[in-house]
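Structure, as structure tokens:
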Number of protein chains: 2
Amino acid sequence: MFTVAEENYIKAVYHLQQQQEMVSTNALSAELQTRPASVTDMLKKLKTKRIISYEPYHGVKLSSEGKKVALGIIRKHRLWEYFLVDKLQFGWDEVHEVAEELEHISSTKLVDKLDAFLGYPKFDPHGDPIPDSKGRLASQQQELLSGIPISKTVEITAVGSQSSELLELLKHKGLQMGTRLEVKKIFDFDGSLELKIKNQQVVTISRDLASVLFVKPV
Amino acid sequence: MFTVAEENYIKAVYHLQQQQEMVSTNALSAELQTRPASVTDMLKKLKTKRIISYEPYHGVKLSSEGKKVALGIIRKHRLWEYFLVDKLQFGWDEVHEVAEELEHISSTKLVDKLDAFLGYPKFDPHGDPIPDSKGRLASQQQELLSGIPISKTVEITAVGSQSSELLELLKHKGLQMGTRLEVKKIFDFDGSLELKIKNQQVVTISRDLASVLFVKPV
DNA sequence: ATTTATTTTTAGACAAACCTAAAAAATAAA
DNA sequence: TTTATTTTTTAGGTTTGTCTAAAAATAAAT
């Protein structure tokens with residue numbers, strides 16, 4: 001139905017739309033590492049396929065059909081990530097590129113059987129919700145760790161970015177998806193936090209780090 | 001390293017070479033459903049990449065490097081087929097097309113972890129051997145069911161073709177890879193065989209069918 | 001050994017997805 | 001409200017992998 005290139009554009013528009021309603025050519029160009037002129041070409045193509053609404057010079061957004069397609073791709077991406085971590089023992093910080101390839105395998109039967117095999121997981125290893133076969137996303141009342149008061153126990157559910165620097169830091173501190181922890185102290189001077197990792201050691205993290213970690217009460 | 005199109009050509013040369021040393025342009029054209037002119041173009045390209053040896057008008061064969069690449073692709077194809085049948089409950093007659101897509105996922109780490117997850121299987125669901133990480137194929141002393149004497153117990157290891165008609169017939173008779181059976185009678189009139197499926201019912205199959213079923217002693 | 005038929009290659013085109021350079025539109029600044 | 005800057009689009013090219021039509025090489029038949 002769609003080429004790999006088309007699917008990557010659709011996914012990029014979806015992600016950028018989380019930030020702002022209308023997505024600009026330049027934003028897509030940066031996200032996809034292609035030149036603006038190439039983006040314009042593809043937008044014209046996707047418009048004729050009724051996947052996006054697009055008026056020259058005024059940005060794009062996904063049509064309802066486009067959203068469906070995007071959720072299908074994201075579903076595949078996140079299910080494969082879950083598979084790689086849960087079944088094949090990949091580190092959760094090394095699955096992204098492989099999942100970028102696997103998400104373009106077309107068989108819907110495969111996706112649905114994979115979903116069943118994994119036990120219909122609701123969140124991927126980064127804590128992001130996995131759309132179900134109808135495109136529905138589980139919503140999670142998640143908050144930033146930087147806003148959690150002292151002595152409350154929470155569980156890490158997501159990270160605000162996928163940068164390898166961030167993932168490296170989390171690994172070093174012994175933090176991952178599902179880690180339970182309690183905020184012990186908050187230092188007013190620099191906003192750094194002292195955390196007690198459930199039944200384990202105490203670590204200190206910066207305010208910058210606490211501001212990209214999503215948690216849920218437990 | 002290689003594009004999907006290149007990999008499909010390499011795989012096709014490998015398969016056709018099982019029949020005859022030198023592979024012709026026309027044979028590749030038929031196998032890949034492309035025109036002979038397109039095949040010639042690709043052969044020139046693969047020659048410069050030192051994947052095949054090719055002299056105009058005299059056919060091609062894989063270089064030793066080309067064989068390595070081919071075995072890598074076949075390894076992925078067969079491991080994925082095993083995964084689909086063993087873990088995702090696909091019928092063994094419906095995995096081929098999906099595996100045709102999955103075999104082009106590049107990560108070798110993925111392949112090796114998948115291999116481990118599956119328990120290093122030696123044969124795929126069609127009974128074909130799966131190359132190990134060094135490209136070695138398990139050889140199997142397999143014989144045709146039509147040559148097995150009465151009262152010997154054997155296990156089905158492979159089928160001589162992948163035609164959907166054959167696969168449908170096998171499914172109907174309750175025969176699949178790994179099925180153990182004993183030859184009960186051989187009717188001289190038409191060469192048909194009566195088989196007792198291990199601890200189950202008795203079925204009769206034609207000589208034509210027995211001539212495409214590979215088995216091993218058990 | 002010629003002629004005929006088949007197979008294979010060359011030549012020239014096309015669509016997809018990218019590119020650079022230049023023009024046009026929109027936005028911000030003077 | 002002009003002018004300058006940034007953003008986006010158009011115009012024209014490139015590469016990959018395919019195609020058709022025609023030419024060349026090989027194989028088969030008389």
Side-chain angles (χ1 to χ4, degrees), chain A residues 1-14 16-17 19-62 66 69-70 73 100-101 103-106, chain B residues 1-14 16-17 19-62 66 69-70 73 100-101 103-106:
Chain A
M1 201 60 193
F2 295 101
T3 67
V4 170
E6 286 169 346
E7 288 193 351
N8 285 333
Y9 273 89
I10 295 167
K11 196 174 45 137
V13 175
Y14 181 92
L16 292 169
Q17 255 189 289
Q19 322 283 148
Q20 22 181 72
E21 177 77 357
M22 272 334 221
V23 177
S24 74
T25 300
N26 258 6
L28 281 166
S29 161
E31 176 87 1
L32 293 163
Q33 309 273 54
T34 58
R35 295 323 195 93
S38 309
V39 174
T40 301
D41 285 348
M42 182 59 93
L43 294 183
K44 283 193 269 187
K45 192 177 160 202
L46 290 176
K47 184 183 181 175
T48 69
K49 291 196 170 191
R50 304 185 175 286
I51 290 302
I52 57 171
S53 64
Y54 161 62
E55 289 308 322
Y57 295 103
H58 293 82
V60 274
K61 60 180 186 179
L62 291 175
V69 176
I73 301 165
E100 288 284 304
E101 288 190 64
E103 74 189 1
H104 302 294
I105 305 292
S106 55
Chain B
M1 202 59 193
F2 296 100
T3 67
V4 170
E6 286 169 344
E7 288 193 351
N8 285 333
Y9 274 89
I10 295 167
K11 196 175 44 140
V13 174
Y14 182 91
L16 292 169
Q17 256 190 288
Q19 322 283 147
Q20 22 181 63
E21 177 78 358
M22 272 335 222
V23 177
S24 74
T25 300
N26 258 5
L28 281 166
S29 162
E31 175 86 2
L32 292 164
Q33 309 272 57
T34 57
R35 294 325 196 91
S38 311
V39 175
T40 301
D41 286 347
M42 182 60 92
L43 294 183
K44 283 195 269 186
K45 191 176 161 204
L46 290 176
K47 184 182 180 176
T48 70
K49 291 196 172 193
R50 307 186 174 286
I51 290 302
I52 57 172
S53 64
Y54 161 62
E55 289 308 320
Y57 295 104
H58 293 81
V60 274
K61 60 179 186 178
L62 291 174
V69 176
I73 301 164
E100 288 285 303
E101 288 190 65
E103 73 189 2
H104 301 295
I105 305 292
S106 55

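Heavy-atom basis, side chains included; hydrogens, waters and symmetry copies ignored. Every chain is numbered from 1, with letters handed out A, B, ... down the list of sequences.
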Distance, rounded to the nearest Å, where [X] contributes [atom1] and [N] contributes [atom2]:
X	N	atom1	atom2	result
A:Asn8	C:dA16	CG	P	17 Å
B:Arg35	D:dT16	CZ	P	24 Å
A:Leu43	C:dC18	CG	P	11 Å
A:Glu55	C:dA25	CD	P	15 Å
B:Met42	D:dT18	CE	C1'	10 Å
A:Leu32	C:dC19	CG	C1'	15 Å
A:Leu46	C:dC18	CG	C1'	15 Å

State whether [X] places a side-chain N or O below 4.0 Å from either non-bridging phosphate oxygen (OP1 or OP2) of [N].
X	N	value
A:Asn26	D:dT8	yes
B:Tyr54	C:dT9	yes
B:Thr40	C:dT10	no
B:Thr25	C:dT9	yes
B:Tyr57	D:dA23	no
B:Lys44	C:dT9	no

So, for A:Ile52 and A:Lys47, which heavy atoms are closest and what is the spacing to 0.1 Å? CG1-N, 3.8 Å
Taking every non-hydrogen atom, the tightest pair across A:Leu32 and A:Asn8: CD2-O, 3.7 Å
Can you tell me if A:Lys49 has over 12 outside heavy atoms packed within less than 6.0 Å of its NZ? yes
Touch class at under 4.0 angstrom, heavy-atom based, for A:Thr34 against every strand present: sugar-phosphate
Answer with base, sugar-phosphate or nothing: what part of the nucleic acid does B:Pro56 contact at a heavy-atom distance below 4.0 Å? sugar-phosphate
Quick test of your reading of the model: are A:Lys11 and A:Glu31 salt-bridged, counting only N-O distances below 4.0 Å? no
Among the nucleotides C:dT8, C:dC19, D:dT20, whichever has the atom closest to the side chain of A:Ala37 is C:dC19
D:dT20, C:dC19, C:dT8: which one has an atom nearest the side-chain heavy atoms of A:Asp41? C:dC19
Nucleotide paired to D:dT10 in any strand shown, Watson-Crick or G-U, under 3.5 Å: C:dA21
DNA chain C: A:Gln33 or A:His58, which has the more 5' nearest nucleotide? A:Gln33
Return the 5'-most residue of the pair B:Ser24, A:Ala5 with respect to DNA chain C, ranking by each residue's nearest nucleotide. B:Ser24
A:Thr34 vs A:Tyr9 side-chain heavy atoms within contact, under 4.5 Å: yes
